[in-house]
Q: 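One structure, as structure tokens, below. Some questions next.
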Amino acid sequence: MVNRVGNISTILNYGNLKHKSVQFALNVSGSNKKLPTMSKKADHAVKWIGKNLSSAENRLILGASALLTQPFIEASNKKVDDKTRYYAMCRTIAKIIACTFTGFTIRKLCIKSINAFTKLPNEITDTMKFKKLRSCLLPTIEITKDRLEQHKNTLGTLLALDVMIFTNFFVDAPLTNLLTNLFVKGGRKNE
Amino acid sequence: MSKFMQLFINTIYERFSANPAKMLIYTGVLGWFLSSTAQISAIAANKNIPKEQKYFLIPQEIGDGAVNILSFFLITSAIKGYASKLVSSGKLANIKIRKFLTDSGINIKTKDGWKIKDDNFDYSKFNIKDLPNYDSIKDDYESFKNGMEVIGMTVGSIISCNIVTPLVRNMYASSRQKAKLAKMNKTQLTHPRGISMDAYRNMAYAKYGNLKV
């Protein structure tokens with residue numbers, strides 16, 4: 001493997017590639033000269049993301065970045081006529097808004113509801129209702145606190161997927177149609 | 001609770017709790033499939049969208065689902081795997097893991113920074129988990145690796161779902177639309193809807209009796 005990387009380096013004239021990130025990327029499986037080490041702040045940020053970024057936040061990030069890229073990709077599609085381009089753009093924006101809104105809300109609600117039934121014995125208080133059910137979704141094998149948090153996210157996401165079988169058809173799709181028609185009409189009025 | 005349900009919960013915990021990025025990939029793919037199916041039926045049912053535009057939007061949605069799933073596995077998994085490899089090989093580490101690697105004789109600290117001890121060291125075969133004292137940094141290593149994988153997965157899905165997929169699906173949909181419109185126009189040309197010569201003659205006779213054709 002070292003030889004293979006060495007050959008690639010020679011082909012790409014590795015010695016002349018001054019940018020550190022390029023050298024680093026080319027050298028994943030070979031030996032290296034200097035090793036990047038994350039600062040404490042960056043390390044905290046990475047760990048926080050790993051712990052707190054569930055599928056709900058992931059959907060929100062994807063939706064927000066989709067709004068920044070996809071409408072422009074649609075608008076610059078020269079392979080279709082103006083009318084089709086206009087409809088595609090309106091529908092893309094409508095779909096991103098509708099799907100991100102329902103996707104995020106449902107995932108978040110499902111993760112919260114799973115959280116209510118994965119309580120550890122010391123977390124169950126006297127004022128809680130349905131005490132017997134509060135830990136019914138806990139695994140019976142050895143668990144750690146960090147992994148339990150991820151377990152809640154996973155179960156919540158799986159529940160959200162089941163819910164979305166219905167909401168994709170009965171909420172997302174009609175909402176996308178409604179918004180598409182609104183955007184198409186709104187755009188025509190402005191013309 | 002039933003044994004089956006408990007087995008399911010335990011399996012989910014074992015498979016995904018230590019690796020949430022893996023779960024995000026699987027659920028993301030399933031989500032795209034479901035969403036595309038619903039959106040295709042929505043376009044077909046939308047009476048305000050003209051037929052010619054539906055010829056583009058429906059293949060676009062089919063392309064969206066298919067390319068999304070494909071690019072999710074090709075690009076997102078690759079970036080996530082790359083991030084994971086960087087951490088597991090010790091190439092990218094936090095201060096605690098780097099110190100552990102130094103103590104284990106893998107890295108050395110010089111005045112220019114951290115360096116590898118042996119120049120012939122092969123990263124491709126190395127995994128921090130194989131080191132004898134791995135348990136001492138297990139928790140720190142796992143949470144750092146999880147974070148890097150989730151970051152890799154999120155960056156990967158932005159690139160695949162929001163840049164690669166729209167470009168590819170539009171290429172596919174526009175070619176499908178062209179083919180469909182060409183077929184539609186061709187059909188109209190081979191079967192003209194104009195009146196026949198006999199019908200025209202009859203109409204002419206009926207309206208202008210003295211007209212000779």
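Naming: A, B, ... by sequence-line order, numbering from 1 per chain.
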Q: Tell me, side chain or backbone of B:Phe126 under 4.5 Å from chain A's heavy atoms, or both, or neither?
A: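 Neither part.
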Q: How about A:Lys51: does its NZ atom have over 12 heavy atoms from other parts shown lying under 6.0 Å from it?
A: no
Q: Which residue out of A:Thr176, A:Thr144, A:Val46 racks up the most heavy-atom pairs below 4.5 Å with chain B?
A: A:Val46
Q: Is chain A contacted by the side chain of B:Asp140, its backbone, both, or neither, given a heavy-atom distance below 4.5 Å?
A: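 Interface part for B:Asp140: both.
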Q: Ignoring hydrogens, what is the shortest heavy-atom contact between A:Val80 and B:Ser174? Give both atom names and the distance.
A: CG1-CB, 3.7 Å
Q: Could you tell me which non-hydrogen atom of B:Leu57 sits nearest to which non-hydrogen atom of A:Ala88, and how far apart they are?
A: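 Between these two residues, the closest heavy atoms are CD2-CA, 3.7 Å.
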Q: Might you point out which heavy atoms bring A:Ala173 and B:Ala42 nearest each other, and give the distance in Å?
A: CB-CB, 3.5 Å
Q: Does any backbone or side-chain atom of A:Glu149 lie under 4.5 Å from a heavy atom of chain B? Answer side chain, backbone, both or neither.
A: neither
Q: Taking side chain as everything from C-beta outward and backbone as N, CA, C, O, which of these in A:Glu142 sits under 4.5 Å from a heavy atom of chain B? Side chain, backbone, both or neither.
A: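 Interface part for A:Glu142: backbone (N, CA, C, O).
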Q: Tell me whether A:Phe166 at atom CZ has more than 12 heavy atoms from other residues, nucleotides or ligands lying less than 6.0 Å away.
A: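 Not buried by this count: 12 neighbours or fewer within 6.0 Å.
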Q: Picking from A:Ala42, A:Ser76, A:Ala45, A:Pro139, which has the most non-hydrogen pairs under 4.5 angstrom with chain B?
A: A:Pro139
Q: Check whether any side-chain heavy atom of B:Asn146 lies under 4.5 Å from a side-chain heavy atom of A:Arg147, and answer yes or no.
A: no
Q: Heavy-atom distances under 4.5 Å only: say whether A:Lys83 touches chain B with side chain, backbone, both or neither.
A: both
Q: Between B:Glu61 and A:Lys95, does at least one N-O distance fall below 4.0 Å, as a salt bridge requires?
A: yes
Q: Under a 4.5 Å cut-off applied to non-hydrogen side-chain atoms, are B:Asn170 and A:Ile73 in contact?
A: yes
Q: Between A:Asn168 and B:Thr37, is there a side-chain heavy-atom distance shorter than 4.5 Å?
A: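 No, side chains not in contact.
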Q: Between A:Asn77 and chain B, which part of the residue has a heavy atom less than 4.5 Å away: side chain, backbone, both or neither?
A: side chain
Q: Between the side chain of B:Gln6 and the main-chain N/O of A:Leu138, is any donor-acceptor distance below 3.5 Å?
A: yes
Q: Flag the one option from A:Thr37, A:Thr92, A:Asp81 with the top tally of heavy-atom pairs under 4.5 Å to chain B.
A: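 Most heavy-atom pairs within the cutoff with chain B belong to A:Thr37.
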Q: Return yes when atom CZ of A:Phe101 has more than 12 non-hydrogen atoms of other residues, nucleotides or ligands closer than 6.0 Å, and no otherwise.
A: no
Q: Can you say whether A:Asp172 sits under 4.5 Å from chain B via the side chain, the backbone, both, or neither, judging by heavy atoms?
A: both
Q: Out of B:Cys161, B:Pro50, B:Ala45, which one racks up the most heavy-atom pairs below 4.5 Å with chain A?
A: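 Between B:Cys161, B:Pro50, B:Ala45, the count favours B:Pro50.
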Q: Tell me the closest heavy-atom pair linking A:Tyr87 and B:Asn48, and the distance in Å.
A: OH-O, 3.6 Å
Q: Would you please test A:His151 and B:Ile12 for side chain to side chain contact (heavy atoms under 4.5 Å, CB included) and show each step?
A: CA-CA 7 Å; A:His151 177 69; B:Ile12 293 288; 4.1 Å; yes
Q: For each of B:Ser175, B:Gly147, B:Ser35, B:Ala38, tally heavy-atom pairs with chain A at distances under 4.5 Å, and name the one with the top tally.
A: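 Option with the greatest count: B:Ala38.
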Q: For B:Phe144 and A:Met38, work out which heavy atoms get closest and say how close.
A: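 Looks like CE1-SD, 3.7 Å.
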Q: Where is the tightest heavy-atom contact between A:Gly50 and B:Val150, given as atom of each residue plus distance?
A: CA-CG2, 4.3 Å
Q: Ignoring hydrogens and angles, state whether a donor on the side chain of A:Thr69 or B:Asn162 is under 3.5 Å from an acceptor on the partner side chain.
A: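 Note: A:Thr69 and B:Asn162 side chains miss the donor-acceptor criterion.
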Q: So which of A:Lys79, A:Gln70, A:Met164 has the biggest tally of heavy-atom pairs under 4.5 Å with chain B?
A: A:Gln70
Q: Looking at side-chain heavy atoms only, is the closest gap between B:Leu34 and A:Leu161 below 4.5 Å?
A: yes
Q: Would one find more than 12 heavy atoms of other residues, nucleotides or ligands at under 6.0 Å from atom CZ of B:Phe33?
A: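 Result for CZ/B:Phe33: open.
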Q: Only one of B:Gln39, B:Gln53, B:Gln60 forms a side-chain hydrogen bond (donor to acceptor under 3.5 Å, both in side chains) with A:Arg91, so which one is it?
A: B:Gln39
Q: So does B:Lys96 pair up with A:Asp43, basic N to acidic O under 4.0 Å?
A: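 No, this pair does not count.
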Q: I'd like to know which of B:Asn10, B:Leu7, B:Ile163 tops the heavy-atom pair count under 4.5 Å against chain A.
A: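 Winner by heavy-atom pair count: B:Asn10.
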Q: For A:Ile143, which atoms come within 4.5 Å of any heavy atom of chain B: side chain, backbone, both, or neither?
A: both
Q: Can you tell me which portion of B:Ser143 sits under 4.5 Å from chain A's heavy atoms? Options are side chain, backbone, both or neither.
A: both
Q: Taking every non-hydrogen pair under 4.5 Å, which of B:Arg15, B:Gln177, B:Lys178 racks up the most with chain A?
A: B:Gln177
Q: Set out, in order, the CA-CA distance, both residues' side-chain angles and the distance that settles side chain to side chain contact (heavy atoms under 4.5 Å, CB included) for A:Leu155 and B:Tyr13, then state yes or no.
A: CA-CA 9 Å; A:Leu155 283 183; B:Tyr13 180 82; over 6 Å; no
Q: Other residues, nucleotides and ligands only: do more than 12 of their heavy atoms fall within 6.0 Å of CG on A:Asn122?
A: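 Correct, the count exceeds 12.
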